[in-house]
Amino acid sequence: MIRLLDVWPGFSLMSYNTALSFALASGMCICLYHHKEKASFILGILTAILPVLTLLEDLSLIDIRVDNLLFNTSIFGGYMAPNTATGLLIAAICGVLSTFLGAKRWVRGFIASLGLAVFAIGLTGLATYGANLLAEYLWIAITGMALHTAANMVLIGLAIALASEGIGEAVPHHSKEVLITSGVAIVALLITGAIWKSLLEADRNRTVLNVQHELRFMENLLQNEFENLTEALGRMAHREAQRDTLDPALWQADGENYTSDFQQLPGIALIGPDYRIIGVAPYLPNHPAIGLGREYHPDRTAAMDEAVRTKTSAISKPFTLTNGNKSIVIFSPILREEEFLGLIVSSISINSLLRSWMREDFENFELRISDGNDLVTEVTTTQRLATSMSAAIDITVLNRNWTLEMVPDREFVRKSIQPLSQATLPLGFLITLLFSAIVNRSMTVYHQNLKLRKATHELQNREARLAYMARERELIISSTNEGLIYLDRHQNIRLMNEAAGKLLRVDRDAMVGRRFNALPFFISGSDSHATITDITRYDRNEDVELRLAQDGESPIDLSISAGPIEDRKGHNQGYVIVFYDISERRALEKSQSELMDRLERSNEELAQFAYICSHDLQEPFRMINSFTEMLDKHLTQTNQKDEQTEFYLNFLNDAGTRGIGLIRDLLDYSRVEHELSQLNEVDSNAIVHDIFANFRGTSERKLELTQENLPALPFSKVQLMQLFQNLIGNAIKYAKPEDPIKVHVSCEDEGTYWRFEVKDNGIGIAAKNHAKIFEIFKRLHRRDQVPGTGIGLAICRKIVERHGGTLSIKSELGTGSTFSFTVPKEQGVLS
C-alpha cells in the first residue's frame, strides 16, 4: 500500500486524502469533457470537501484531524499540504461552475483560466521539488507537495483547461495583447517569487532559531548536570582525603552508593598515587580495570594529568573502557593540603538524560554531542529529519570544548511553517493567471467597444477631475492658515475650517449648522455684534479689531474679508468669510514705529554731532593756529624769537592744522553712511580727468597719469569724486622718490558689475598689511614720512560698500599697488 503512495524511497508520500481527491477530480474532468454537467457538479462538490476541511484546519478554524477522517494515517499516509488543497479546491470550483454557467463564452474562458491556475500550482510543486533535490530537501518540509502529487496537479489543470473548450478565450490572440498580458504575468510572477522566497526564508530562520533555543536549553541542563556530578565526586574525594591512606575496602561502599544514586555514573574507580586503579564500583562488571595504569589509553592519561595539574575535575575524550563500552570519564583529584593522594574516576552516561531532557515538541529531534571529531553521545530517532535546518553551538564543559548539534524532524518543521508561506506561491500563480485573464479580456472588450469606452473614459475623466477639484478644495480649505467660514443664504454656518475654530476659540464641529451671530465676538469700540452687513460693507477691512465675548480673553487683531456667493442669475446663495490674524503684524508695526522714532532721534543727535565737529570742535584748533601766528609776529618784532622758539611754534601750528584735518576726515567718514542722496548717472571719465588736472597743477614731480574710456554709472557724484581723489592721491603720496609717478585708471565689464582699477608704480604694500590699511586710523608710515590721518581708505571702502560693491587690493612690497572696486550697473536710491 505504501508503494502506491510513494514513488521513490526518501521522497514525500502522497496522502490518502490527496489520492482520493485526485481520483474524484479525474472523474470530474472526464464528465466535463463529455459535457455531463450534473455529474461534474456532484464530483466537484465531492472533490472540494477534503481540501476545504484541510484549509480550515490549517487556518485553525476547526480541529477534526482531517488526515484520519477516512483513513488511519498514524503510521503512513502523509499529509495534504495547503498548496495541494488549494489546487484541488480550484479544480472543484471548475466543475461546479460548468454546471451553472457553462454555456457562456466568458465562463468557459474563466474555467480555462482556473485550470491553468491548477496547472501553475503543479508546476510550482515540480519546480520546488527540483530545487529540493539540489538543496538537500530544504523546502520539501515546507511545501509538502509530493513529486507525483505535483505531476497529477499539472495533468488535472491541463485537462480542465482543455475540457472546458475555453482555452481560446483564456489565451490572448493579438500581438499587443500577448505582449501586455505577458508583461503583466512576468511582473506578477517576479513579485510572487520574491514574496515567496522572503516568507520561506523567514520561516526557515524562525525554525532554526527555535532549534537554537532548544540547544541553549540543553546546554544549561548539561552545565548544571556536570556541576552536580563534579560537586558529588568532589565530596567523595574530600572524604577520602580525610583518611590516613586510600583503602579500597572502605571506599567500596561509598562507590556502590554513588553508582546506585547517580544513574548517569555507571562505574566509579579509585586511583592511587601511582596512577593505578585500586578499586571499582560496581565490582563485578568493572573488576578487569583494577591494576590499569597510565599506559592504558593516551586520552585517559591526558585527562588524568590535566586533573592533577589543575587540581580540579577534568573530562577525557571519548574512549573504549575495559567493559567494551565507549564513554567519557571524569577525574576528580584527591588532595590533602595540596598533597596529591589519588583520583576519583567515573564514567559518564548522559544518553538517557538527554532523551528525558528533550521537551515534547522536540522529542523526535536527533541530538549529537561531539568532542572535535569524536562523538561523545547522540540521541537518534526513527523520524525523517530535515538536515538542512539543523543548528549547532559550541559549549565548554569543565576542561573540554564540545559541540551540540540538533537536527529537527520534518514534522516539526512542517508545523513551524506558516500557512501563508505554503500558499503564497500557488496563490500568486492563481492571482497572476486571473489578473492576466482579466487584462486580456479587458483588452478584447476594448477592441470590440472602442467608441463606448472612449465615451466612458471621457465621463470618468470628468468625474475624476470633479473629484480631484473637490478633494483639492477640501485640502486647501483644511490646510490653509487663514480662518474660513462658509454661510448659506440664511446665514447658517455650513463649513468652518480648523484655523477659524482656533482663531475664534470655538469648537468648529459644534458651530456647523448654527447661525453666524452665534460666533462669540463683537467689534471693538462698539457694543453690537459684527453682522454680515457690517463685514461686507467694505471689500476688505484690516482695521477692525474683534474682541472675543468670553470674559478674561485677550483681544486679537483680525483682518476680515467677506464676499457673497451668487448664482448665474445674481441671486445670493451664501457668503464666504476669511479671517486673518494680524496681531503679530500689528505688534511688528508698533515695534517698527518705535524703532523709526529712535532712528529719527539718533539722526538728529548725529546732525548735532556733525555740527559740533564742523564748527565747535574746529574752533579751538583755529584759535591755536591764529594765536600761534600772532605769537610768532610778536616774538619777531621784539627780537625774542630764537631757533628753539621757532621749532615750538611750528609744532603748535602743525598740530592745529592736523587736528582740523582729522575732524574734517571724521566728518566725511560719518557722512558717507548717514547722508541721503539720489543716485544719478555720473561721468567717471570727466571726474578722473579733473582729478588728474588738479594733481598735475599742484605736483612738483613728473606725473604720468593715464586713463581708459570709463563708463557712466549710477553713483553719488560727490562720493565718486572723493573715492577717486583718495585712491589717486594715495598713489601719488606713496610713490617711489627716484622714479616718475605713474597712475593708470581702467574699467572692465563683468556682466552686472563694472570693475574699476587704479594701478600705480609706488612703494607697494606687504601682503600681511592688506587688511590693516582699510581700518580707520591705521597707518603704515610715520607722519613725518608721509602726511595723513589714516582714514582715507576707510572712507573709500565705506563709499564702495554703500553703493553695493567691494574694494580690494593687489600689491607686493616694492612693486606698486592695484586698488580695484566694483559698482553694480543698476542701483536704487541710497538712504
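- Looking only at side-chain heavy atoms (C-beta outward), Ile160 and Leu114 stay at 4.5 Å or farther from each other.
- Under 3.5 Å, the side chains of Gln223 and Glu227 contain no donor-acceptor pair of N or O atoms.
- Residues Phe226 and Ile348 have side chains in contact (heavy-atom distance under 4.5 Å, counting atoms from C-beta outward).
- In this structure, CD on Glu214 lies 4.0 Å from CZ on Arg359, to the nearest 0.5 angstrom.
- Counting only distance, with no hydrogens or angles, the side chain of Thr301 and the backbone of Arg294 share a donor-acceptor pair below 3.5 Å.
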Pair Ser21, Thr47 - check side chain to side chain donor-acceptor pair (under 3.5 Å), show working.
CA-CA 5 Å; Ser21 298; Thr47 302; over 6 Å; no

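- When all heavy atoms of Pro273 and Leu246 are compared, the pair lying nearest together is CD-CD1, 4.3 Å.
- Partner of Phe119 under the side chain to side chain contact (heavy atoms under 4.5 Å, CB included) criterion, chosen from Leu155, Val154, Ile156: Val154.
- Aromatic ring orientation, Phe340 versus Tyr275: parallel (interplanar angle below 30°, classes split at 30° and 60°).
- Taking OH of Tyr296 as the start and CZ of Phe319 as the end, the distance is 6.5 Å to the nearest 0.5 Å.
- The shortest side-chain heavy-atom distance between Met153 and Phe22 falls under the 4.5 Å cut-off.
- The closest side-chain heavy-atom distance from His238 to Arg235 is not below 4.5 Å.
- Using a 4.5 Å heavy-atom cutoff, the side chains of Val397 and Ile315 are in contact.
- Between the Arg400 side chain and the Ala314 main chain, no donor and acceptor come within less than 3.5 Å of each other.
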If you apply the rule side-chain contact (heavy atoms from CB on, under 4.5 Å), what do you find for Ile369 with Ile350, and how did you get there?
CA-CA 10 Å; Ile369 302 178; Ile350 58 174; 3.9 Å; yes

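- Leu341 contributes atom CG, which lies 5.0 Å from atom CZ of Arg336 (distance to the nearest 0.5 angstrom).
- Side-chain atoms of Asp394 and Asn401, non-hydrogen and from C-beta on, never get closer than 4.5 Å to each other.
- Applying the ring pair (Phe, Tyr, Trp, His ring centres under 6.0 Å) rule to Trp357 yields no partners; only residues at least two apart in sequence or on another chain are considered.
- The closest side-chain heavy-atom distance from Ile271 to Phe331 is below 4.5 Å.
- Taking CG from Asp254 and CD1 from Ile268, the interatomic distance works out to 8.0 Å, rounded to the nearest 0.5 Å.
- Within the 4.5 Å cutoff, the side chain of Leu354 has heavy atoms near those of the Thr377 side chain.
- Ile344 contributes atom CD1, which lies 6.5 Å from atom CH2 of Trp251 (distance to the nearest 0.5 angstrom).
- For the pair Glu295 and Arg276, the salt-bridge criterion is met [side-chain N within less than 4.0 Å of a carboxylate O].
- Panel note: side chain Tyr258, backbone Ala232; a donor-acceptor pair is recorded below 3.5 Å.
- Here the side chain of Thr259 pairs no donor or acceptor atom with the backbone of Pro266 at under 3.5 angstrom.
- Of the possible donor and acceptor atoms, none in the side chain of Arg368 sits under 3.5 Å from a partner among the backbone N and O of Glu378.
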